[in-house]
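Please read the structure below before turning to the comments.
Quick caveat, the model's predicted, so the values are computed rather than measured. Positions are given from 1 along the sequence. No hydrogens, no waters, no symmetry mates; every other heavy atom, side chains included, goes into these values.
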Amino acid sequence: MELQKLFKPKSMAVVGISKKNPLSPGRIVMLKNEFEMQVKVYGIYPSGGEIEGIPLYERLDKLPEIPDLLVIAVGPDDTLGYIQDCADLNIPAAVIIGGGFAETGIKGKKRQDKLEKIAFENEIAVLGPNCLGVYAPPLVDTIFLPTERITRPPKGSVALISQSGGVLVDQFFVKFKERNIGVSTAVSIGNRAVVDEVMLLEYFSKIDTETSNIAFYLEGFKEGRAREFLKFAKESEDTVIAFFGGITREGKVATLSHTASLAGNYKIQYAALRQHYVIQPHSERELLTSLKVFDVLSHKKNPFGKNVVTYGDVVIVSVSGGHGVIAADMLKTYGLNRVDFTKKEKAEMKELMNPVAREIASFNNPIDLTGSVLDTDIENIMRYLSEVEKIECIILLLLPYPPNISFQIGRRIANIVANKRKPVVCFVPYVSKYEMIIESLELAYIPVFHSIKETVQAVSALKHRTKLENAKRGNFPQ
């Protein structure tokens, strides 16, 4: 099957367009792609005509070319007819938006069996049914929601595959945008009658050059496909992350009516995925935190160069003693270690501070620079710590409340990281007045987080990623 026709089509056709209802799914998809995306779009309507200046064709066989992709937004019985048209006309890929298949019971399951038979016999790459389809900027967007109703994440390195369309556009798109996590392609797979998580893992690992991180939200593996998923995950050069719904008894019941999924034994599944180098966050927040740092490391301008977090040896720097204590309390939970300083090192750091702050600051770990800190103090301490070999990562809790911290502090820190390449992960309060500081850091690909917990989790994720990469290479540091 030509999966690239789903994600990089040169042309697409849409069936199920309404002339009367401007909010019908087919019409939204056609207009969105005509005016916002790069793919060439054709609309199909039984009597022809036009909508907003776009000509409509009566049938697929009357199009001036065979499209790479067909988006189907009609009822389940008519859908089968259009899949047969794909087979007859050699249309290589289709997205089925509508439901009425295996998720609805025995009758729907029979429909889905017919759909699978046509698709597999003719090698048609079908996404769905019961899905939103594909968001692959800047080429194609089959999500049938108006653009003004949804949030689009920035372009980046993460291929995001979700069994739930609602989770995709709400839990992921919104939070990816908030956290500046970039997406290469987003895929809603729904019932995954044909194209499933295994095919997508193989495609994004081996074919798609824009993807370095592959993240899944699943409600269970497709029956009989878990072994292949594990095989491709272990072979993949990309970072593979899986987050599962339906792990409780109540959740398993819900998945049956949602996407016709059968969730398995979570403990066995967790162990198998771990053995095959799949990262499994324990919460949605951990998933987002991990993806943010992995996306940063996938940029050509990796801010940390070849420096990695192997053992989790960190220093915490803050202008608030309380924030430092909270972070320190979390280190052990996340497998991180607090670096100890010698008397000589503490004395050297003290001499780098302004005369007022040096008398009240604490140079243990956490380092508390106090509210009397200046920009130059933070710069000097960050530069000094970047030269200390036993430190693998600096956790910087940057609270810009003290009046002597300027809005240039983000750029100053970015310059030090660009020069020294020491891994740095920051917490800055997500308040609109501090956007200039956050933007300066993130333009330099230094990850900034919402909370102290996310910041500590991010360093743990860096350590975990290093461990997996070493394991794949057979390199096990002592």
Report task. Kindly assign one of parallel, tilted or perpendicular to the pair Tyr430 and His450, based on the angle between their ring planes and the thresholds 30° and 60°. Result -> parallel
Check: [X] side chain, [Y] main-chain N or O, donor-acceptor pair, under 3.5 Å:
{"X": "Asn380", "Y": "Thr376", "result": "yes"}
{"X": "Glu454", "Y": "Phe449", "result": "no"}
{"X": "Asn365", "Y": "Arg338", "result": "no"}
{"X": "Asp377", "Y": "Leu374", "result": "yes"}
{"X": "Lys175", "Y": "Ile181", "result": "no"}
{"X": "Asp141", "Y": "Ile143", "result": "yes"}
{"X": "Lys350", "Y": "Phe363", "result": "no"}
{"X": "Glu197", "Y": "Lys222", "result": "yes"}
{"X": "Gln457", "Y": "Thr289", "result": "no"}

Measure the [atom1]-[atom2] distance between [X] and [Y] for me, rounded to the nearest 0.5 Å.
{"X": "Ile360", "Y": "Leu369", "atom1": "CD1", "atom2": "CG", "answer": "10.5 Å"}
{"X": "Leu396", "Y": "Leu441", "atom1": "CG", "atom2": "CG", "answer": "8.0 Å"}
{"X": "Leu200", "Y": "Leu127", "atom1": "CG", "atom2": "CG", "answer": "6.5 Å"}
{"X": "Ile381", "Y": "Met349", "atom1": "CD1", "atom2": "CE", "answer": "6.0 Å"}
{"X": "Thr142", "Y": "Asn33", "atom1": "OG1", "atom2": "CG", "answer": "7.5 Å"}
{"X": "Gln163", "Y": "Asn191", "atom1": "CD", "atom2": "CG", "answer": "8.0 Å"}

State, without any angle test, whether [X] and [Y] hold a side-chain donor-acceptor pair at a distance under 3.5 Å.
{"X": "Tyr217", "Y": "Glu219", "value": "yes"}
{"X": "Asp375", "Y": "Gln408", "value": "no"}
{"X": "Ser236", "Y": "Ser205", "value": "yes"}
{"X": "Asn213", "Y": "Ser298", "value": "yes"}
{"X": "Asp368", "Y": "Ser318", "value": "no"}

Query raised in the report: Counting only heavy atoms not in Glu123, do more than 12 sit closer than 6.0 Å to its CD atom?
Result: no
[X]: what forms a ring-ring contact (aromatic ring centres under 6.0 Å, His included) with it, not counting sequence neighbours?
{"X": "Tyr203", "result": "Phe7"}
{"X": "Phe407", "result": "none"}
{"X": "Phe216", "result": "Phe229"}

For [X] and [Y], which heavy atoms make the closest approach, and how far apart are they?
{"X": "Pro281", "Y": "Ala242", "value": "CD-O, 3.5 Å"}
{"X": "Lys422", "Y": "Leu385", "value": "CE-O, 3.8 Å"}
{"X": "Ile446", "Y": "Ala414", "value": "CD1-CA, 3.6 Å"}

Requested in this report: State whether Glu348 and Lys344 are salt-bridged, where the test is any N-O pair (Lys NZ or Arg NE/NH1/NH2 against Asp/Glu carboxylate O) under 4.0 Å.
Outcome: yes
Query raised in the report: So do the side chains of Glu286 and Phe243 get within less than 4.5 Å of each other, counting heavy atoms only?
Result: no
Query raised in the report: According to the ring-ring contact (aromatic ring centres under 6.0 Å, His included) rule, which pairs have a member within residues 137-168, sequence neighbours left out?
Result: none
Requested in this report: Sequence neighbours left out, what pairs pass side-chain hydrogen bond (donor to acceptor under 3.5 Å, both in side chains) with at least one residue falling in residues 388-401?
Outcome: Glu345-Lys390
Requested in this report: Using the test side chain to side chain contact (heavy atoms under 4.5 Å, CB included), find all partners of Thr333 that sit at least two apart in sequence or belong to another chain.
Outcome: none
